[in-house]
Amino acid sequence: MKKITVLTSLFMCLAIGLQAQIRVPSATYTPDPAPVVSGETLYVFTGHDLDTATYFRMPDWQVFSTKDMKHWENHGIVLSTATFKWAKQGDNAWASQAIERNGKWYWYVSAEDTVAHLHGIGVAVADRPEGPWVDPIGRPLIPGNWGYIDPTVFIDDDGQAYLFWGNNGCWYAKLNEDMVSIDTSFGDNGIRDMRPMLDDEAQFGPRRMKHDYQVGKKVMKTNFEEAPWIYKIGDTYYLEYAAGGVPEHWAYSTAKSIHGPWTYRGRITDESPGSFTIHGGTIDFRGKSYLFYHDGIPSGGNGFRRSTVIREFKRGEDGSIPKINIKE
Ligand code: FUB
């Protein structure tokens, strides 16, 4: 009987276009999920909203893994601000993403630079996702500045690695082969500013009134909000991102060059239930595609106590990402 009910609801989900949800089992909150596949294993790197948070209270980062999307291993809190001596301690451990290269793991994190008193990007290195993680440079890789949060990392087919990041703007840099320094000959002191491209509706979607932290008031800006998620399929670069101001939805643009121009491709989701942020990313694993993001449902709608959710979806023949229903 139970089996029939599960099958019936699965059939109903497929018939009306809903994607069943998977939740990473955890006793802690798991915001800002960043999935990565290594061999037969999918790892999810997340942040950690404290149970008592009434504003962002995020002291550390966590790792989970699975081989089949059903059984999960919780590796726990494996990295904290304590690793980054230059960072504000015990808080502001914001979004992150990790990547494997030549047998080492590199974890790029948002943390508060105590010199600039603004978020910058740090990097930690380990032999495996479970750690131990160390800070190989003892300073921020990208020093603090307005909007310098939410790093996403990608290695192109020619071996060139890129780091993108940003809130209310998007910036990117070329990582050197060592993955812990940037190519300072690229852009302005190693950083290229994407804001002129972000301002183009054809590249990043319709403008709307949004708060701009640098000018301290609302201005007309395009869709891009924060949380870039960069990857490539075939010869197409994908940039997914939190969009639309708050509350955020998930959207994407594509390009034939990592330097743009980008083409706005539309919404992937509507706004995340119970959370004004949505941070996530899509990934392919064992022949299926999954969207990772966070919502506020387990906390009863507290946008500072967010949990990872996963939705399976099917890419279009042309590589397009369908609109994914995250409301059910
Ligand atoms: O989790 C803290 C911040 O909220 C992240 O850095 C943003 O992407 C948003 O999810």
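Ligands are counted one by one from 1 in listed order, and the atoms in each one are counted from 1 as well. Just so it is clear, the values below take in all heavy atoms, side chains as well, and ignore hydrogens, waters and symmetry mates.
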Distance-only, no hydrogens or angles: does the Thr30 side chain make a donor-acceptor pair with backbone N or O of Thr308 under 3.5 Å?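 Pair found, side chain donor or acceptor close to backbone of Thr308.
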Heavy-atom nearest neighbour in the protein, as seen from [atom], with distance rounded to 0.1 Å:
atom	result
atom 1 (O) of ligand 1	Asp32 OD2, 2.5 Å
atom 4 (O) of ligand 1	Arg306 NH1, 3.3 Å
atom 9 (C) of ligand 1	Glu226 OE2, 3.4 Å

Pull out every atom of ligand 1 sitting under 4.0 Å from any heavy atom of [X], numbered as shown with elements.
X	value
Phe56	2 (C), 4 (O)
Met58	1 (O), 2 (C)
His279	7 (C), 8 (O), 10 (O)

Looking only at distances, can you tell me whether any N or O atom of Asp150, backbone or side chain, sits closer than 3.5 Å to an N or O atom of ligand 1?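 N/O-N/O distance under 3.5 Å: yes.
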Given that the side chain starts at C-beta and the backbone is N, CA, C, O, which of these parts of Ala95 lies under 4.0 Å from ligand 1, counting heavy atoms, or is it both or neither?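 Within the 4.0 Å criterion, Ala95 contacts ligand 1 through backbone and side-chain atoms alike.
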Hey, which of Phe64, Trp105, Phe292 is the one that makes ring-ring contact (aromatic ring centres under 6.0 Å, His included) with Tyr43? Trp105
Distance, nearest 0.5 Å, that separates CD1 of Ile326 from CD1 of Ile278: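 One finds 4.0 Å between CD1 of Ile326 and CD1 of Ile278.
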Ile191 CD1 to Phe186 CZ distance, which is reported to the nearest 0.5 Å: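 If I round to the nearest 0.5 Å, the distance is 10.5 Å.
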Do Thr282 and Arg315 have side-chain atoms, one donor and one acceptor, less than 3.5 Å apart?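 Checked: Thr282/Arg315 side chains pair up, N/O donor to acceptor below 3.5 Å.
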Arg265 and Tyr238 side chains, donor-acceptor separation under 3.5 Å: no
